Amino acid sequence: MSGPTRLPRYAYLGPAGTFTEAALRQFAGPDEAEYVPMVDVISALEAVRSGRADFAVVPIENSVEGGVTATLDTLATGDALVLLREVVVPVSFVLAARPGTVLADVTRVSTHPHAWAQCRRWFNVNLPVAVHVPATSTAAAGALLADLAPEHDPGFDAALVAPLSAELYGLEILAEHVADNESAVTRFVVVGLPGALPAPTGADKTSLVVHLASNESGALLAMLEQFAARGVNLSRIESRPLGDLLGRYSFSIDAEGHLADERVAEALIGLHRVCPHVRFLGSYPRADGAVTEVAPGTNDADFAAARDWLATLRRGC
Ligand SMILES: O=C(O)C(=O)C[C@]1(C(=O)O)C=C[C@@H](O)C=C1
């Protein structure tokens with residue numbers, strides 16, 4: 001007997017009005033998914049691990065500020081999670097405050113540290129007195145301004161938020177197009193428990209976490225060779241400290257292609273041989289739809305033909 005079907009539950013960096021919510025809206029409207037706002041990225045990912053949510057949507061990389069370390073580190077350790085899709089959202093901020101505030105009153109600005117990092121030069125030029133008050137998200141800062149009674153000081157005068165967030169929380173916009181780079185974008189990932197992989201599309205990425213054999217000269221080269229020798233291009237590689245000792249790093253990698261592609265599979269087999277730890281974080285379609293360029297000699301048929309040839313040799317023919 002089947003019960004009533006429920007909507008898939010998506011945990012995301014909340015509250016309502018974050019860029020993360022905008023990412024979620026791009027592929028699942030509120031009538032297609034249950035939105036579960038969480039206070040931070042770690043809580044959103046843990047909600048999937050504990051079964052409280054089916055999926056999480058979290059920021060992973062910004063074009064100005066780089067990797068979102070809380071996301072990279074939580075995916076790299078703990079129970080296995082996989083990336084199922086990626087979404088890219090243009091990031092544009094407004095400076096917003098309680099009605100009646102004027103720009104000259106503003107000395108304390110609250111927002112997410114990644115948002116502040118994307119607007120440092122703007123503040124330096126336009127509001128040099130402003131100090132940053134960190135918030136758990138852009139919208140969390142906006143919500144706090146709206147929620148507290150006017151006689152309560154939330155600890156800041158204005159919030160750096162998405163334009164939609166200013167509207168949602170009834171804030172007045174003091175400055176628009178606040179940005180050091182007008183074309184900034186943030187990449188978000190949809191995360192779930194390991195299961196069937198999204199089907200290959202020809203425009204895919206495979207994400208991995210790899211550790212190197214420590215203190216061995218050429219260990220980084222040996223790791224990179226596994227990709228290069230099979231014609232697998234990397235679209236991102238960044239190191240994160242392992243945390244226990246200085247000088248120990250984990251590499252967070254996005255490779256072009258899908259685990260179902262022979263060249264990617266062969267590169268993973270190579271990594272498994274030469275690296276002490278490899279965590280597969282999923283194969284999923286690229287947000288930009290850019291079709292992977294396949295170098296001569298590295299398509300599936302080339303690998304199959306080479307394997308057939310080897311089998312012939314082994315049979316002694
Ligand atoms: O605070 C938000 O609105 C978020 O969705 C987080 C976040 C981030 O972590 O980078 C997402 C997009 C922007 O780059 C700024 C902040």
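For ligands, and for the atoms within them, numbers begin at 1 and follow the listed sequence. These numbers were taken from a predicted model, which means no experiment stands behind them.
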Which one of H112, R187, E61 has a non-hydrogen atom at the shortest distance from atom 16 (C) of ligand 1?
H112

How close does the nearest protein non-hydrogen atom get to atom 10 (O) of ligand 1, and which residue and atom is it?
H114 CB, 3.3 Å

N/O donor-acceptor pair under 3.5 Å between N62 side chain and E65 backbone:
yes

For residues 227-234, run the donor-acceptor check on the side chains, cut-off 3.5 Å, and write out each pair with its distance to 0.1 Å, sequence neighbours left out.
residue, atom, partner, partner atom, Å
R230, NH1, Q226, O, 3.1
R230, NH1, Q226, OE1, 2.8
N233, ND2, E256, OE2, 3.1

Identity and distance of the protein heavy atom lying nearest atom 4 (C) of ligand 1
T20 OG1, 3.5 Å

Out of curiosity, does I237 fall in the hydrophobic cluster containing L208 (side-chain heavy atoms, cut-off under 4.5 Å, transitive links)?
yes

Identify, for atom 12 (C) of ligand 1, the protein heavy atom at the shortest distance, and state residue, atom and that distance.
T186 OG1, 3.5 Å

Could you check whether the rings of F93 and F19 sit parallel, tilted or perpendicular, using 30° and 60° as the cut-offs?
perpendicular

Enumerated ligand 1 atoms positioned under 4.0 Å from heavy atoms of S137:
1 (O)

Per-atom filter on ligand 1: closer than 4.0 angstrom to a heavy atom of N62 are 14 (O)

What residue and heavy atom of the protein are closest to atom 3 (O) of ligand 1, and at what distance?
T138 OG1, 2.5 Å

Show me which atoms of ligand 1 lie under 4.0 Å from any heavy atom of P59.
8 (C), 9 (O)

Going only through I, L, V, M, F, W and Y residues with side-chain contacts under 4.5 Å, is there a path from Y35 to F55?
yes

Against heavy atoms of T18, which atoms of ligand 1 measure under 4.0 Å?
2 (C), 3 (O), 5 (O)

Any luck finding a side-chain donor-acceptor pair between T206 and S283 under 3.5 Å?
yes

Give a yes or no on whether the backbone of V278 and the side-chain of H272 come within a donor-acceptor separation of less than 3.5 Å.
no

Per-atom contacts of ligand 1 with L13, taking only distances under 4.0 Å to non-hydrogen atoms:
4 (C), 6 (C)

Quick one: does Q118 get a heavy atom under 4.0 Å from ligand 1?
yes

Closest non-hydrogen atoms of E61 and V68, given as atom of the first, atom of the second and distance, are N-CG2, 3.8 Å

